[in-house]
Each structure stands twice: as C-alpha cells, then as structure tokens.
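Labels below follow one simple rule: chain letters A, B, ... track the order of the sequence lines, proteins then strands, and each chain is numbered from 1. Just so it is clear, the values below take in all heavy atoms, side chains as well, and ignore hydrogens, waters and symmetry mates.
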Amino acid sequence: MSTLSEVRSRISLPNQKYLPVLATLSLLALMYGIGAANYEAFGDAQVVLNVFIDNGFLLVVAVGMTFVILTGGIDLSVGSVVALTTMLSASLLEERGWPAFVVLPLVLLVGSALGFGMGCIIHYFDIQPFIVTLAGMFLARGLCYTIGTSSIPIDDPFWVSMAQSRIRFGEYFVSPSVVVAIIVVLIAAFVLAYTRLGRNTYAIGGNPRSALLMGLPVARTKIAVYTISGFCSALGGVLLSFYMLSGYGLHAVGMELDAIAAVVIGGTLLTGGSGYVLGTLLGVLVLGVIQTLITFDGRLSSWWTKIVIGALLFVFILLQRVITARKR
Amino acid sequence: MTGISKEFPGVKALSDVDFRLLPGEVHALMGENGAGKSTLIKVLTGVYDIDQGQITLDGTDVRFSGPLQAQHAGISTVYQEVNLCPNLSVAENIFIGREPRRFGKIQWSQMEKRAAELLKRLQLDIDVSAQLSTYSLAVQQMVAIARAIDISAKVLILDEPTSSLDASEVEQLFRVMRQLKEEGVAILFVTHFLDQVFTISDRITVLRNGRLVGEYITRELSLIDLVGKMIGKELEVLEQLEEQPKPALAALERGQPLIEAQDLGRKGAVAPFNLTIHKGEVVGLAGLLGSGRTEVARLIYGADKADQGQLLVDGKPVAMRGPRSAMGHDIAFCSENRRTEGLIEELTVRENIILAMQAVRGWTRPIPRRRQDELVDKYIKALDIRPANPEAIVRNLSGGNQQKVLLARWLITEPRLLILDEPTRGIDIGAKTEIQRLVAALSDGGMAVLFVSAELEEVLRLSHKIAVLRDRHLIAELANDDEVDADRIMETIASGARA
Amino acid sequence: GDNGGDSGSGSGSDSGSEKIVLGFSQVGAESGWRTANTKSIQDSAKEAGIELKFSDAQQKQENQIKAIRSYIQQKVDIIAFSPVVESGWDTVLKEAKDANIPVILTDRAVDSTDTSLYKTFIGSDFVEEGKKAGDWLVKEYQGKTETVNIVELQGTTGSAPANDRKKGFGDVIAADPKFKIIASQTGDFTRAKGKEVMEAFLKANPDIDVLYAHNDDMGLGAIEAIEGAGKKPGVDIKIITVDAVKDGMQALADGKINFIVECSPLLGPQLMDLVQKVHAGETVPARVVTEETTFTQEQAKAVLPSRQY
Amino acid sequence: MTTITRLAKHRLFWPVAILVVLLLSNLIFTPSFFKVEVRDGHLYGSLIDILRFGAPLILVALGMTLVIATGGIDLSVGSVVAICGALACWRISEQGDQNSVGGVLVAVVLALGLALLLGLWNGFLVAGIGIQPIIATLILMVAGRGLAQLITDGQIITINSSPYKEIGAGYLLTFPVPVLIAIVVIVVAVLLTRRTALGMLVESVGGNAEASRLAGIRSRRIKLMAYMFAALCAGIAGLMISSNVSSADGNNAGLWYELDAILAVVIGGTLLTGGRFSIGGTVIGALIIQTLTTTIYTIGVPPETTLLVKALVVTVVCLIQSPSFREKVFKGRRQRPPTPSAPTAEAPAKVEVPA
Ligand SMILES: Nc1ncnc2c1ncn2[C@@H]1O[C@H](COP(=O)(O)OP(=O)(O)OP(=O)(O)O)[C@@H](O)[C@H]1O
Ligand SMILES: Nc1ncnc2c1ncn2[C@@H]1O[C@H](COP(=O)(O)OP(=O)(O)OP(=O)(O)O)[C@@H](O)[C@H]1O
Ligand SMILES: [Mg+2]
Ligand SMILES: [Mg+2]
C-alpha cells in the first residue's frame with residue numbers, strides 16, 4: 001500500500017487544483033504587459049487601480065454569482081436587482097428625503113429578500129433556476145420602471161462623499177467602493193473555504209442528490225446562496241449608485257452576462273462544484289483590462305470594438321485552456 | 001416499522017412490510033434484485049414519503065422529512081450507490097456537515113488528520129486531501145462507510161456496502177461492525193453475498209416482490225432455506241451454482257492471440273504490462289483494492305490513452321484512439337461504475353440496452369424498432385430484469401437491475417472481446433449464476449472475455465487464465481489449473497514475485 | 001486658466017506639430033442615426049486635423065464613465081461625449097476638471113448643477129422635437145371637432161429620447177381634448193418591433209387616425225403593418241416621425257409619412273469647431289443648438305436628392 | 001382513470017393548458033381576438049400574427065433545444081440572426097436587379113452557408129477545444145454583433161426585393177410563408193431526431209457524457225451537429241426577420257433572442273442540464289411567449305408595466321408546470337384522506353383537474 005500512496009501523492013501536486021487560477025493570473029499579467037508596451041500611459045499603476053474603481057460593483061455582483069454557480073445554479077436577476085437598488089436608493093433619498101442610514105440597509109434588505117424569494121421557489125417547487133431568476137429579472141426591472149422611467153440624480157451628502165472621496169496612497173488612489181469590493185471578496189473566500197455553508201455549497205454543486213443523502217442541509221444552503229447573490233447584487237447596486245450618483249432603470253442592462261462571464265473565465269465550472277472567488281476576481285480583471293485596452297487604443301469603430309472584444313476573449317480562453325490541458 | 005407500503009407510479013415497491021431492528025444486533029435484509037430493500041431503507045430515512053404504515057424509534061412515532069433529520073435522530077446510512085461528492089476531498093467527504101470547527105472556522109488540518117486515522121481503522125492508507133473522484137469505486141465505498149461509522153449513531157444502515165470490496169476489506173468492515181455491535185449500535189446490513197450474511201448477521205429479514213416473507217434467526221436458517229425464501233421456489237439455481245465445473249483449459253485451441261498487449265502502460269495508472277488473450281479464452285484479473293485491474297481494462301479498451309507500448313489485435317498493432325476504435329475491433333467494455341460511467345439514467349431500459357449497438361451503426365441507421373424490441377425482450381428475460389418493462393426509466397430501477405441493463409447493452413453487441421469490470425456488482429445470486437453461465441457459454445462460442453471481479457471465487461470459477469496485479473504492476477500470470485485456488489493467488493500477491 | 005491641457009498632452013508618439021487629442025465617448029451604435037453621428041464626428045476630426053480617440057460604450061453609462069476616466073489617464077486635451085442619460089456624471093467630470101481637461105457635451109445635456117464641470121453643450125432638444133410633432137398635428141386638425149385617435153410607438157423604455165419626445169408631444173396635444181392617445185407601446189426604436197406592435201394596434205383598435213413614432217425606423221416598420229392590413233399609410237392613417245434619416249425621407253416623399261421632425265446627427269463640424277476654440281482658450285457659448293428643421297412631404301421631395309444619410 | 005386525468009399526465013398537458021388560457025384571456029379585452037378573416041387573399045387576424053411573429057422564435061428555440069439537450073447552451077443565436085439577415089440584405093442590395101429570384105437565392109444560400117459556418121465554429125470551440133458552452137458562444141454573441149454591423153456598415157440596409165420579401169412577409173395559398181417554413185423545419189427536426197437515432201444519441205450525450213463516450217458514441221460529432229443545426233435555424237430566422245421589414249439592422253435584429261429561446265425551451269419542459277428533450281414542448285413554449293407578447297401589445301399594457309406582467313406570467317407558468325408545486329397546493333387542499341382507498345394497480349393521479 002505504501003507505493004500506492006506514493007504514486008498518488010506524486011500525481012496530485014498540491015497546487016494542481018489552483019492551476020486554472022494560476023494560468024489565468026499569468027495570462028492576465030501577460031495581457032497587461034502587452035498593453036503597457038503598446039500604449040504609453042498604460043504602464044501607470046493607476047490604470048490598474050482604475051480597473052478596480054471601474055469594476056468594483058461588477059466584482060461584488062460576480063462574487064454573489066460565484067456562490068450560485070458553485071451550486072450548479074444560475075442567477076439572471078443580478079443586473080436588474082442592481083438597477084432596482086440604484087433606483088430605489090435614488091427615489092427614497094431624493095424624492096422621499098429619507099436619510100442615508102435608513103436607505104442603505106433597506107435596499108440591501110430588499111435585494112436579499114428578492115434573492116431569498118427566488119431561492120425558496122427554486123428549492124421548494126423544484127423549478128429550474130434559469131426561469132425563476134429570469135422572472136426575477138423581469139420583476140426587478142419592471143419595478144424600476146414603476147418607480148420612474150427617467151434617471152434620478154442623487155445628491156445625498158453621504159452618497160456624494162462615498163462617490164467623490166478618494167483613498168490616496170502617494171499619487172495613487174482608489175475609491176471607497178474598491179475597499180468594499182475587496183472586503184467582500186475576502187469574506188467570500190473565507191466563507192467558501194472555511195465555513196460549513198461554503199463547503200455545503202461545493203457539495204451541492206458536486207452532486208445534489210448525494211448531498212441530500214449525506215444529510216447536508218440542502219434547502220438551507222440553496223436558499224442561502226440565492227440570498228447571498230441577492231445581497232451582493234444589492235450591494236453592487238449601492239456601489240454602482242456611488243459610482244454614478246444616479247438611479248436609473250436602464251443601469252446595468254446585461255450585467256448578468258458580464259458577471260457570469262467573469263465567473264466562468266475565472267475557472268469556475270458552470271455545472272457547479274469547482275471554482276474559487278479568487279478566480280472570479282481575475283475574471284473581472286480580465287474583462288476590465290480588455291475594455292481598458294480598447295479605450296486606450298481608441299481607433300476602433302463601434303463594430304470593430306465588439307469583434308476585438310470577442311477575439312481577445314477567444315485568445316484568452318484558448319490560451320487558458322491550452323495551459324491547463326497540457327499540465328493535466 | 002409496521003405495515004409499510006410504498007408505491008411508485010406503476011410499481012408497488014413495498015406492501016404492508018413489517019420490520020424491526022434491535023440495538024446490538026446485525027440484521028440482514030435479504031431479497032432478490034428489486035425486492036424492495038433499498039426502498040425500505042429510503043422510506044425509513046425519509047428520502048421517500050410513506051404511503052402507509054408507521055415508523056417507531058425508541059418507542060416514539062417518527063416520520064423523517066429527509067436524511068438530515070434521520071441523521072439527527074441517530075440514524076446513519078450508507079445508501080446503495082456511492083453517494084458522495086466527487087469534487088470534494090476524501091477527508092471532506094467523511095466530515096462534511098460535521099467538520100471540526102473553531103469559532104465557526106473549519107480546521108482543515110485537524111479534519112485531514114482525523115480522516116486519515118479513521119481510514120487507517122479500515123486499513124486504508126490513502127491521501128485524504130486528494131479529490132474523491134481520483135479514487136476507484138471500491139475506495140469510494142470505503143470512504144462512504146468511514147463517513148457512516150464515524151457519525152456515532154444508534155442505528156447504522158449499510159445498503160450493499162461490500163459490492164465491490166475484496167475479502168480483506170470486507171474483513172476490516174466486519175471487524176468494525178462487530179465492535180459497534182458491542183457498543184449497542186443496531187446495524188442493518190444489505191448484501192447479496194450469502195456467506196457474508198452468515199458470517200456477520202444475527203437475524204435475517206427476507207423480502208420478496210415488495211412483501212415480507214419472514215424474519216429469521218440466522219443460526220436457525222440454512223443457506224438452502226434462505227435462498228428458497230428469497231426466490232420463492234426450489235433451488236435448482238444453487239445446485240447449478242455448486243456443480244459448475246472449472247473451465248477446461250485443454251479444450252482451448254491456441255492460435256494467434258486475439259489481443260496482445262505489449263508493454264502497454266500509462267504513467268500514474270499502471271506500469272507497462274504484457275497480456276495475451278485468445279479467442280474463446282476467459283482471462284481473470286486478480287488483485288487487491290486499487291491494484292490496477294480497472295486501469296488494465298480501461299487501457300485495453302482505450303478508455304484511457306496508453307502512453308507506452310502498443311496493442312495488437314489479430315497480430316497487427318492498432319492505434320487506439322478511444323472507445324470508438326476499440327469497438328471497431330469488436331472490443332466491448334462494461335465499466336465498474338454503472339452510475340457515472342455506464343448508464344444514461346434518464347433514458348429507458350430499451351434505449352440503454354441498444355445504445356452501444358446503435359453507436360456503432362451511427363445515427364443515420366437506426367435499429368428498426370421491431371429488432372430493438374426483440375433484442376431487448378430477449379435480454380430482459382435472460383437476465384430477469386424487473387420490472388420487465390422496456391420503457392421503464394433506468395433511474396427508477398433497483399441497483400441490481402440497473403447492472404443487468406448495463407450488461408445487456410454489451411452482450412447484444414456480440415463482441416470478440418468482452419471486458420467485464422465487476423459485472424456482478426450488486427446482483428442477486430440467481431442472476432449472478434445466470435451471468436456466469438452466460439459468460440461460460442459465450443466463451444464456448446468463441447468470445448474472449450476479460451473478467452474483473454472483487455470476488456475471487458467468481459474469477460476462479462470462470463477463468464482459463466488469471467493475471468495477478470499488485471500495486472499497479474502485473475506480477476504473474478497463472479493458468480487456472482487444479483493447483484490454483486484463492487490461497488495460491490493471495491500468496492502470489494503477498495510475495496509480490498514476478499512470474 | 002482654462003487652458004491646462006497642453007502641458008500634459010502627448011499620448012501620440014508623433015512630436016512636432018502639436019495635434020489636438022480629443023477623447024470622444026459615443027453612446028453606442030444602436031441605430032443608423034447614431035452611426036451617422038459617429039461618422040460625422042470621425043470625418044470632421046480627420047478634416048480638422050484633430051487626433052480622435054473614439055470609444056463605444058454600448059449603451060452603458062458605466063462604460064462611458066470608464067472611457068472618460070481612461071481619457072483622463074491618457075491625458076488627452078479635450079474630452080467630448082454624448083451622455084447616455086442626464087444624471088450621474090458629477091464624479092467623473094470633477095476628476096476631469098481636477099486634471100484640467102475641458103469637457104464638451106454633445107447631443108444631450110447632463111443635469112449637473114455645477115455648470116463649471118463642462119464647457120459647452122451642443123445638441124438637440126428632444127422635448128422640443130416632441131413639441132414640433134405635436135404642433136404639426138394640432139395645425140393639421142385645426143377646426144375639426146371629432147376625436148382624433150392617436151397611437152404612439154415609443155422608443156426604448158426609459159431612454160431619454162423616448163421620455164422627452166413623449167413628454168413634448170403629450171404636452172402640446174393635452175391642450176385639446178379631441179386628441180386621444182388610445183394606445184402607446186414601446187417599439188424599441190426598431191423596425192421589426194415597430195411592425196409587430198403596429199400589427200397588434202391595428203387588431204385591437206379598428207379606427208386609428210394618427211401614428212406618432214419616436215423615430216423613423218419604427219414608423220417604417222409600422223407602415224408595412226398598415227399596408228398589410230389593407231390600409232393606406234399617410235392617408236388612412238397619418239404618420240408623424242422623428243429623425244429624418246434617408247429611408248424616412250424617402251417614405252415622406254412617397255407620401256407614406258406625413259411629417260418628420262429632424263434630429264440631425266451631423267454634429268461633427270460644429271463640434272470640431274468648438275474643440276479648437278476651447279483648446280485655444282477662447283470663450284464659447286454655454287449652449288449651442290444644432291440647426292434642425294422639420295419636413296413636410298413637399299419639402300422632402302425637394303431636399304431628398306441632397307440628403308447625406 | 002378518466003380521459004382527463006390521463007390527459008393531465010401527458011408531458012405537454014400543462015404547457016398546452018397555459019397556452020389556451022393565455023389565448024382565452026384575450027377575449028376579455030379583445031372580443032375579436034379569435035377572428036380570422038381573409039384579406040387581400042391572405043389570412044388576417046391576431047392568431048395569424050402570433051404564428052407569423054412566433055415563427056422565427058420557434059425556429060431559434062428549436063435549434064436551442066438540441067443544443068441544450070446535449071448539455072450545452074448557445075448564446076450566439078441572436079447574433080447569428082443579425083449576421084444572416086445582414087449578409088443576405090447586403091448581397092441583395094449589391095445586385096443590380098433586386099427582384100431577380102436567382103440573385104435572392106444566391107443571397108439566401110450564402111447567408112445560410114455562413115450560418116452553418118458559425119455553428120461549426122461554436123461546435124468546434126465546445127466539442128473540439130472543450131471550452132464551456134456558455135463562454136464559447138458568448139464569444140460569438142459579442143463578436144457576431146460586431147460582424148453584423150461590419151456587414152451593414154452600422155447602417156440599416158433597406159432593400160426592395162419582392163422575392164426576398166416572400167420569406168418573411170409573403171403568403172402561399174393564403175398561408176403566411178414564415179409559418180410554412182417553420183412547419184417544414186419542425187417536421188424535419190422531428191424526423192431527424194425521432195426517425196433516426198440522432199435524438200437518442202443527443203439525449204445520451206446530454207444525460208451522461210462520459211458514459212456515452214464509453215458506449216462508443218461520437219459525442220463531438222453529435223455536439224457539432226447540434227450547434228450547426230442551431231445556427232442554421234437562427235440563420236433562417238434571421239432571413240425571416242430581415243425579410244419581414246425588408247431591411248437588415250445589424251445592431252437590433254435578434255437582440256436578446258437567446259433569452260427568449262432558452263425560455264421557450266425551458267417552458268417546453270426540457271431541462272437545462274441536458275438529456276431528454278421535447279420538440280413539441282419547445283414549439284408550445286415559443287408560442288406561449290409570442291402569445292404573451294402579442295397579448296401585451298393588444299390589451300395595451302403600458303410599457304412601464306410590461307415587464308411586471310411578463311414576470312407574473314412566467315412565474316405562474318413555471319409554478320403551474322412544477323409537479324411539486326401542484327402536489328403541495330393540492331395536498332393542502334385535499335387534507336389527505338386518512339386511509340387511502342384500496343390500493344389498485346394504478347397510481348393515484350397526482351393532479352386533479354377541476355373540470
Ligand atoms: N423512484 C422510483 N420510481 C419508480 N420505481 C422505483 C423507484 N425506486 C425503486 N423503484 C422500484 O421499486 C422496486 C424496489 O426497488 P429497490 O431499489 O428497493 O430494490 P432492491 O431490493 O434494493 O434491489 P437491489 O438488490 O437490486 O438493489 C423496483 O421494482 C424498482 O424498480
Ligand atoms: N492519476 C491518478 N491519480 C489518483 N488516483 C488515480 C489516478 N489514476 C488512477 N487512480 C485511481 O486509482 C485506481 C486504481 O485502481 P483500479 O481501479 O485500477 O484498481 P482495481 O484493482 O480495479 O481496484 P478496485 O477494486 O478499487 O476497483 C483508479 O481506479 C483510480 O480511481
Ligand atoms: Mg437496492
Ligand atoms: Mg476496479
């Protein structure tokens with residue numbers, strides 16, 4: 001038996017399960033290097049920080065999505081919940097004049113409640129997450145329009161200070177939203193790796209039937225991940241409303257796809273059970289850097305922009321695939 | 001449990017069954033495939049709702065809404081198919097839901113330490129931090145058992161835990177079971193191995209066609225009686241089983257080998273080996289758990305790509321690009337893990353059976369429906385698949401019947417080499433004899449068979465030649481003559497000498 | 001001084017003649033109108049010898065903000081953009097101001113209270129366009145008393161042109177109770193949706209007198225639906241649209257549309273002029289209105305041969 | 001067992017019931033909803049509209065069904081719709097005589113050829129390279145839209161070709177041509193999947209990929225075919241849509257079609273996880289969606305509340321479809337008889353239909 005275990009430990013190198021993440025990270029670095037070589041101002045570290053500033057809300061949303069996808073589910077409602085949050089915050093703050101410390105928890109609660117509701121329907125009535133969250137998407141977007149169809153500016157002092165204050169170190173700066181997003185990532189990484197909730201999430205993604213038969217709290221976990229996703233969407237919405245200082249029913253259209261793409265590019269399997277929040281962070285950065293590359297170039301027409309985004313995505317995923325396949 | 005009834009659409013799985021389980025006993029639940037054993041267990045632990053009847057635990061009426069609740073009430077279960085999460089590590093699979101924590105934070109290192117200790121108790125020495133899916137089915141079964149016994153429960157339910165375990169692992173399991181019994185745990189045990197029943201159990205309850213036949217004290221029941229109770233008729237089966245002769249070696253004409261593996265190997269899976277298989281020959285593979293039998297079979301079939309050596313078919317080297325090319329050379333492979341590598345659970349019995357045959361013909365040439373029905377009916381009868389409904393969804397079949405469906409899929413392709421990896425896993429004795437007879441008949445008819453089974457007796461009974469594996473090396477090839485028996489093979493393995 | 005952009009400029013590697021670098025963030029390419037707008041800007045930038053950094057926001061405000069931030073990073077001389085919506089620009093505009101980069105708005109205003117955040121705004125007034133459409137209708141039905149049944153094809157729900165064109169039109173006709181909007185639905189600014197919605201309108205409402213479409217494309221789709229129902233567009237049902245793209249003008253000249261309010265995308269030359277002025281430190285008016293007109297069927301016939309887009 | 005309860009157990013019972021209820025509910029607002037008349041020598045009426053506008057969606061959903069059955073998903077269909085419409089219209093606009101039938105045929109063949117190529121690309125990424133389907137097709141979803149706009153140069157190409165117009169807006173023997181095309185494709189799809197072994201092989205690949213591989217199924221080839229079929233269907237839909245309005249809009253044609261198509265498939269009872277699929281279910285699902293859209297337009301729901309209505313209907317649809325919802329609701333109502341009646345060979349009907 002001793003040789004056997006030797007063979008096995010030789011086969012499963014400790015870092016093997018992190019390989020996709022490492023591959024993504026190195027490709028990302030490569031992409032940044034190419035950008036820095038081609039565009040003068042690209043090498044500036046502030047460009048990287050700007051990617052964080054510009055994608056903090058997406059990051060938070062994608063973290064929530066990671067939980068859902070890890071269970072093998074999907075949440076299409078995130079973009080709409082983001083929009084609803086901005087709209088709700090704006091209308092409560094500006095049209096009702098409610099104070100920020102009431103509005104903030106309230107909108108987070110609304111987002112979580114929506115997620116909770118969808119989770120319950122998905123679990124108890126055994127309906128595919130795709131349609132339930134699609135209905136949730138229609139609902140949240142529809143609620144936005146019932147609040148109003150035009151965009152509402154926010155000038156609540158708290159919101160404005162969150163939007164415009166900068167956390168500086170030397171000549172570089174980030175926005176408070178970035179700090180919030182990073183904290184969310186850290187908490188999520190901890191929850192997934194070190195708590196029962198996190199491990200149950202992976203277990204359900206691995207095999208839901210087994211998870212049930214192993215006596216894991218499937219109901220609680222499934223509902224919890226959709227609630228988390230709802231919460232993260234709402235938090236993302238708050239960050240977006242910091243970013244934009246406005247509420248609008250057409251904000252974050254299609255953000256669910258960005259979030260899903262970020263999660264999947266980060267190496268998480270859409271079938272569930274495998275992936276890391278760190279990967280999601282990298283996925284968001286990949287999308288952000290691609291976009292930055294294109295604005296720095298500034299010569300592409302609208303359609304070439306799309307084609308180039310697709311092509312870069314393709315090259316990236318192809319390389320990622322090649323690297324991980326060879327090492328396996 | 002009293003008066004339990006459970007009905008699925010179209011099938012009465014249990015009708016008015018009484019069952020009791022006392023503390024400090026090992027109680028065997030017996031019956032043919034599809035008798036309702038697993039259903040009884042699932043009803044007891046709340047996986048299914050009961051239509052009728054009552055469950056009493058420690059004198060109080062209970063009705064669980066699911067395994068979680070049953071676990072809280074002190075019932076720990078290993079369900080029939082390995083129900084673990086393949087994407088998690090071995091240690092996690094053992095401890096998930098009960099991880100050692102400090103301030104809510106899971107203590108990974110402690111968990112892995114304890115998992116390793118626990119598996120040592122079952123004499124299993126593996127890397128517990130590796131993903132479960134990298135291990136063979138047998139190891140997974142052991143892990144599931146480890147999980148169940150570590151939940152210090154009042155009741156331990158084991159549904160066919162030994163179906164792919166070797167004698168020594170079974171021995172370890174029994175040791176632990178006896179220990180738990182001493183501690184007053186009530187153990188419910190399901191198996192199709194009659195000798196195991198008589199070794200370990202105190203009492204036996206027999207089910208037949210979803211009805212209770214009776215409850216017996218093991219000591220007072222003879223083997224013959226038990227079989228009689230299970231199948232409900234007199235026992236030609238068992239007699240046949242005993243009188244089956246060893247296959248006659250001499251009768252085989254040796255021509256050109258059908259299949260010849262030359263230094264075939266794959267890094268990390270199995271060391272390069274040589275093996276020849278002739279037409280009409282049954283070659284058995286023997287070895288301990290994880291010795292590489294499955295790997296040998298998969299390499300020959302091309303399910304995994306070999307990175308060394310070559311394979312000759314009819315004396316000509318062939319490039320194995322995957323199962324497809326193997327099938328092109330009339331090689332068939334019935335895999336050990338029917339659930340992940342065998343059946344398509346949502347499809348019907350008919351579709352599963354004709355699948356491989358259809359795959360060879362390609363999608364443009366469907367097998368005419370009439371022919372499908374003929375073939376399927378023939379094998380449903382031959383293997384006694386129940387329910388005998390070709391349109392039943394395979395997911396809803398009992399474990400043993402699923403195995404028969406998988407077997408039927410490959411038998412109808414009429415290959416020249418049939419690779420059977422644990423084909424009798426979870427199959428009742430009646431059907432097992434039937435399958436053994438079939439294999440013998442097929443080899444008489446000229447089909448070569450590579451036979452892998454954890455049950456050494458079975459290998460000995462069927463094979464002309466036995467290849468012995470140890471630690472992923474093929475160490476010996478023994479002609480199955482009169483001198484060879486189980487002990488001799490164990491000796492060979494133990495000495496590790498290369499022949 | 002306003003003119004701080006010079007010192008830091010130079011993302012272009014070519015030294016020598018100091019080319020003005022203009023960062024322009026376009027909304028997207030969601031319609032022919034928008035593409036014409038983009039083209040006009042690109043062409044006139046080339047003509048004026050201005051280096052244009054163009055980016056397409058795909059109808060997303062966050063993308064526009066990202067682009068503007070990236071222009072600040074690249075230290076362009078001037079930033080111009082067509083805001084997707086009015087609100088939510090203060091933060092990034094402040095950053096631009098801090099970096100001493102002047103900003104010009106095109107096509108649409110922002111609702112910022114701090115007007116120092118941008119130099120000038122050049123573009124159309126959507127409410128005004130709606131009003132013009134309403135005015136024509138009021139004049140057309142002057143002196144008649146029976147009710148006029150109007151159906152409206154709105155633009156994308158929530159978008160500024162849809163909101164404003166609806167409002168302007170509604171305000172004008174509200175004065176007279178004989179005008180009744182009996183159905184109003186979004187056609188997403190597209191021909192296909194315009195046709196589909198109009199089909200449904202025709203089934204549900206037997207007598208429609210007037211169709212008001214928020215852009216030409218929806219109007220053109222609706223015309224097909226009307227013809228399919230065996231009615232004559234422009235005669236049985238009077239049609240008013242906004243934009244005046246070429247296909248629309250053709251239909252107007254053919255008598256299938258009755259009135260088009262122009263919304264000109266050809267801002268390029270005017271914009272470049274402003275860019276040069278701002279860069280040179282000259283004072284510019286805070287609001288530059290593009291010259292826009294309206295077309296009747298006769299006017300359309302006259303100008304059709306000379307339309308550029 | 002009565003016929004009704006037997007009917008109720010049919011896979012398509014609930015989707016059909018929902019469709020019927022949705023259609024009937026129109027009567028309240030529009031009494032003439034079911035009126036179908038012949039106008040100008042062709043059928044005319046709301047029901048015909050539903051079929052006509054539903055045809056492209058049915059096609060796209062049909063292709064999507066096969067892709068989903070293999071365990072994949074195709075997000076690029078909307079872009080393929082746009083590309084094919086754009087290519088065909090561009091080609092026609094380039095030729096001297098837009099009304100030449102030959103020229104139109106060439107354009108159609110070109111466009112559908114390109115669609116097959118795009119499907120091949122998707123299939124290659126998924127089956128050849130092994131990229132997760134959602135991300136593999138996302139590439140074409142993003143880039144394809146750009147491609148379509150590249151073809152149209154960002155403008156809307158308007159053409160004036162009566163043969164081309166037949167595809168999306170024509171009538172044959174009073175029947176709308178797009179509906180006839182859709183019927184032909186449905187029949188072909190049914191024959192292709194159920195008369196050959198393709199359907200079963202697709203289901204087995206989607207049900208358990210590894211087991212299928214070991215059973216010797218060429219799953220790559222099957223997946224490739226599924227993606228190509230999906231793209232072809234999307235291509236035909238693209239032709240219909242552009243022909244219907246005689247113009248190609250690279251940016252808006254087929255926008256968000258993928259969501260509607262997936263929704264149709266899911267409402268039709270096919271699981272997104274792959275395996276068993278139902279073409280009939282998909283067709284009904286697509287009709288439900290189109291009926292909903294038409295209903296919203298017809299009864300005059302204000303655009304701001306359209307989405308709320310959609311959310312409501314989708315929720316109700318999926319709740320009613322869910323067996324466990326019906327069971328739970330009925331259990332509550334039925335109060336569970338204390339002793340179930342004598343066991344018979346048949347299972348008690350889980351659903352009761354209020355007749
Ligand atoms: N979910 C289900 N739906 C329909 N029928 C089912 C379902 N589960 C089990 N059955 C049927 O119930 C009967 C009893 O099955 P069960 O799994 O209890 O048998 P078993 O005694 O465990 O057999 P084995 O020894 O083969 O494991 C079988 O006929 C089976 O087909
Ligand atoms: N690369 C690898 N890394 C880790 N584990 C591996 C690897 N390759 C194979 N294994 C595991 O080791 C097992 C080798 O044992 P194999 O199944 O061939 O033995 P066996 O004699 O059939 O034993 P069993 O009775 O357990 O089926 C494989 O089934 C597989 O689960
Ligand atoms: Mg069983
Ligand atoms: Mg094995």
Does B/E336 come within less than 4.0 Å of B/R425, counting only side-chain N to carboxylate O?
no
Measure the spacing between CG of D/L138 and CD of D/Q132 and express it to the nearest 0.5 Å.
11.5 Å
Whatever's closer than 4.5 Å to a heavy atom in chain B on D/L201 counts as side chain
Report, in residue-number order, which members of residues 364-377 of chain B are under 4.5 Å from chain D by heavy-atom distance.
B/P366
Could D/R194 and D/F277 be counted as a cation-pi pair, given that NZ or CZ must be under 6.0 Å from the ring centre and within 45° of the axis?
yes
Point-to-point distance, once rounded to the nearest 0.5 Å, from CG of D/D74 to CD of D/E258
9.0 Å
Largest heavy-atom contact set with chain B, pairs under 4.5 Å, which of D/L198, D/I222, D/V202:
D/L198
Could you list the residues that satisfy side-chain contact (heavy atoms from CB on, under 4.5 Å) with D/T315, not counting sequence neighbours?
A/A135, D/L319
Ignoring hydrogens and angles, tell me if any N or O in the side chain of B/N209 forms a donor-acceptor pair with the backbone of B/R211 under 3.5 Å.
no
Considering only heavy atoms, which portion of D/R195 lies under 4.5 Å from any heavy atom of chain B: side chain, backbone, both, or neither?
backbone
What residue in B/R338, B/M357, B/R409, B/M327 has the most heavy-atom pairs under 4.5 Å with chain D?
B/M327
Option that, when pairs with chain D are counted at under 4.5 Å, heavy atom only, ranks first among B/R361, B/Q358, B/E345
B/Q358
B/R298 versus chain D, the contacting section by heavy-atom distance below 4.5 Å
side chain
With chain D, which of B/T340, B/V360, B/T413 has the greatest number of heavy-atom pairs at distances under 4.5 Å?
B/T340
Using a strict threshold of under 4.0 Å (side-chain N to carboxylate O), is an ion pair present between B/R395 and B/E346?
yes
Do the side chains of B/E351 and D/R276 get close enough for a salt bridge, i.e. N-O under 4.0 angstrom?
yes
Any sub-3.5 Å donor-acceptor pair from B/K6's side-chain atoms to B/D49's backbone N or O?
yes
